[in-house]
Number of protein chains: 2
Amino acid sequence: MNQRDAQRLETRRTLAEHALRLFRDQGFDETTVEEIAAAAGVSPRTFFLHFSTKSAAAFPDHDIRVEEFRTRLGSGVDRSNPLSHLCQTLVIGLDTTSPMRRTRYQLLSTVPALQDEDSRTDRDYESVAVAYLIESWGDGVEVRLRAHAVANAMMGVIRASLIAWGDAGIDPQRVCLEMLQRMFGSPFDQPLQSLQSNTATSG
Amino acid sequence: MNQRDAQRLETRRTLAEHALRLFRDQGFDETTVEEIAAAAGVSPRTFFLHFSTKSAAAFPDHDIRVEEFRTRLGSGVDRSNPLSHLCQTLVIGLDTTSPMRRTRYQLLSTVPALQDEDSRTDRDYESVAVAYLIESWGDGVEVRLRAHAVANAMMGVIRASLIAWGDAGIDPQRVCLEMLQRMFGSPFDQPLQSLQSNTATSG
DNA sequence: CATGTCGATGCACTGAGTGCAGTTAATACG
DNA sequence: CGTATTAACTGCACTCAGTGCATCGACATG
């Protein structure tokens, strides 16, 4: 880790910290990028060197987490039951320890711009999940659709659980795992895996 | 219908039509609101009298469709099986006849700004679905979470199917109904309905 | 005909986000 | 150690989405 890299990460961290604080204290729309930059002691232009949009500053660890997710998925040994492995990997990735993360999801239920950003981040997880499912099931038009549907549905459950965590403090891991298993448990998994063989019938 | 109302709707329709055409032909980011307004023969200011954002012009019938959905849900007689009724109402609402709608979903897979808009519209459907489920199941912290999770998951399946329709021409109604039934069929519905009685055990 | 309503317009403005050129300090290299 | 290079940061000018406000003019209403 260079001194340069350390300084860059520190700037980024400071920006994200002040952004979330300002969003929480005075509202998202009432906070300008100029204010965030000033609070972090940098120029407004610098903000956009670290985050592509104002709302992205509320999800500073997004890229890292997606990569973690991809890595954990890939290193999975349980290739016999891809859906189950996917569910577990998603749930393990839920971090309910950081208070900053909690603040983020509390904001999420009231700020549309942050909901947009959240949907955007969900799309990245979804892409990884879809790639994994296609790799597991084999490619095909119909399989591709099912992979997207399953990934979308899973992310929907995760999102609802995280918002409930922010709003009501409900432990997302427990309830997520239960609901995902109910939706994608054994009665769902077997027929889906059998799709490998009949992809030619679709389209 | 006033002459005034007719003119207003006509302006709105024209704006939406030119917006979608321009998005398709020259790209979303490469199209300015000024261009759309000019193509429709109105002033740029007028555009924002009809649509709150540039991307909203790609979903001109959104509000109407959500209201249709709400109405159809409310008039449902099948109160004994709310999940099944919800699935069917969602699928019935899918319109696969309009070529404009097809164009919209073709754009959706490549334009991030329109994906944001789509997520936003999905949130409206989700609210309606959640309200319906809470009304059916009875309120409670845990029930509320499950309602959100189910609604999110359902919208995820719908979204994937519609995008697959745009991309590959797959009939969304057939595949949607099948997947939704598999996820929320009888093994899922009974335990969920029994939640009515134990909402006190949550939160 | 008189009056009110409402869609459309023009204008000035805020704020997000971009392109570009320049500065400064850390790093790599001889 | 001295020099060249890299890269984070900065300032400036710009585009464009979206808003507030005052106004005009056509249509509606009595």
Side-chain angles (χ1 to χ4, degrees), chain A residues 1-20 22-23 26-60 62-63 107 111-120, chain B residues 1-20 22-23 26-60 62-63 107 111-120:
Chain A
M1 173 84 83
N2 268 342
Q3 180 178 345
R4 223 182 243 173
D5 291 347
Q7 187 55 43
R8 191 174 115 265
L9 286 181
E10 175 61 17
T11 302
R12 182 185 170 90
R13 205 191 55 78
T14 308
L15 276 170
E17 190 181 307
H18 285 282
L20 195 64
L22 288 168
F23 293 165
Q26 62 186 42
F28 181 84
D29 290 332
E30 290 70 29
T31 303
T32 66
V33 170
E34 202 179 341
E35 275 179 293
I36 301 171
V42 296
S43 94
R45 193 69 187 80
T46 300
F47 178 92
F48 291 105
L49 284 182
H50 291 276
F51 303 106
S52 60
T53 65
K54 185 170 90 168
S55 44
F59 299 81
H62 169 62
D63 288 346
L107 281 172
V111 183
L114 291 185
Q115 290 169 7
D116 288 356
E117 186 65 32
D118 189 55
S119 303
R120 223 168 293 144
Chain B
M1 173 84 83
N2 268 341
Q3 180 179 345
R4 220 181 246 173
D5 290 347
Q7 187 55 44
R8 191 175 114 266
L9 286 182
E10 175 61 17
T11 302
R12 181 185 170 90
R13 205 191 55 79
T14 309
L15 275 169
E17 190 181 307
H18 285 281
L20 195 64
L22 288 168
F23 294 165
Q26 62 185 43
F28 181 84
D29 290 332
E30 289 71 30
T31 303
T32 65
V33 170
E34 201 178 344
E35 275 179 293
I36 302 170
V42 297
S43 94
R45 192 67 187 83
T46 300
F47 178 91
F48 291 106
L49 284 182
H50 292 276
F51 303 106
S52 60
T53 66
K54 185 169 91 168
S55 44
F59 299 82
H62 169 62
D63 288 346
L107 281 172
V111 183
L114 291 185
Q115 290 170 7
D116 288 356
E117 186 66 32
D118 190 53
S119 302
R120 223 169 292 144

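Fair warning: this is a prediction, and the values are worked out from it, not measured in the lab.
Between the CG atom of B/Asp116 and the P atom of C/dG17 there is a distance of 11 Å, rounded to whole Å. Taking atom CG on A/Asp29 and atom C1' on D/dT19, their separation rounds to 12 Å, with Å as the unit.
For DNA chain C, the residues of residues 35-42 of chain B within the heavy-atom distance limit of 4.0 Å (strictly under) are B/Val42, sorted by number. Annotation: proximity of residues 3-15 of chain B to DNA chain C (heavy atom, distance under 4.0 Å) is found for B/Arg4, B/Arg8, B/Thr11, numbered in ascending order. Using a 4.0 Å cutoff on non-hydrogen atoms, the parts of residues 45-55 of chain B near DNA chain C are B/Arg45, B/Thr46, B/Leu49, B/His50, ordered by number.
Mapped onto DNA chain D by nearest heavy atom, B/Asn2 and B/Glu34 fall at different nucleotides, with B/Glu34 at the one closer to the 5' end. Nucleotides of DNA chain C nearest to A/Met1 and B/Ser43 differ in position, and the one nearer the 5' end is that of B/Ser43.
Nearest heavy-atom pair across A/Glu34 and A/Pro44 is CG-CG, 4.0 Å. Between B/Lys54 and B/Phe23, the closest heavy-atom pair is O-CZ, 3.8 Å. Here the shortest heavy-atom pairing between B/Glu35 and B/Glu30 reads OE1-O, 3.4 Å. Between B/Thr31 and B/Leu22 the shortest heavy-atom distance is OG1-O, 3.5 Å.
At least one side-chain heavy atom of A/Leu114 sits less than 4.5 Å from a side-chain heavy atom of A/Phe28. The shortest side-chain heavy-atom distance between B/Val42 and B/His50 does not fall under the 4.5 Å cut-off. Side-chain contact between B/Phe51 and B/Val33 is absent, with no heavy-atom pair separated by less than 4.5 Å. For the pair B/Ile36 and B/Phe47, the minimum side-chain heavy-atom distance is below 4.5 Å.
Note that CG of B/Asp5 and CD of B/Glu10 are 13.0 Å apart. Values are rounded to the nearest 0.5 Å. The structure places CZ of A/Arg13 at 8.5 Å from NE2 of A/His18, a figure rounded to the nearest 0.5 Å. Taking CG of B/Leu49 as the start and CG of B/Leu15 as the end, the distance is 9.5 Å to the nearest 0.5 Å.
In this structure B/Arg45 satisfies the salt bridge (charged side-chain N to carboxylate O under 4.0 Å, His left out) test with no other residue, sequence neighbours excluded. Under the side chain to side chain donor-acceptor pair (under 3.5 Å) criterion, A/Ser55 pairs with A/Thr53, A/Glu117, sequence neighbours left out.
Axis angle between the ends of the helix from C/dC1-D/dG30 to C/dG30-D/dC1, five pairs each and rounded to 10 degrees, works out to 20°.
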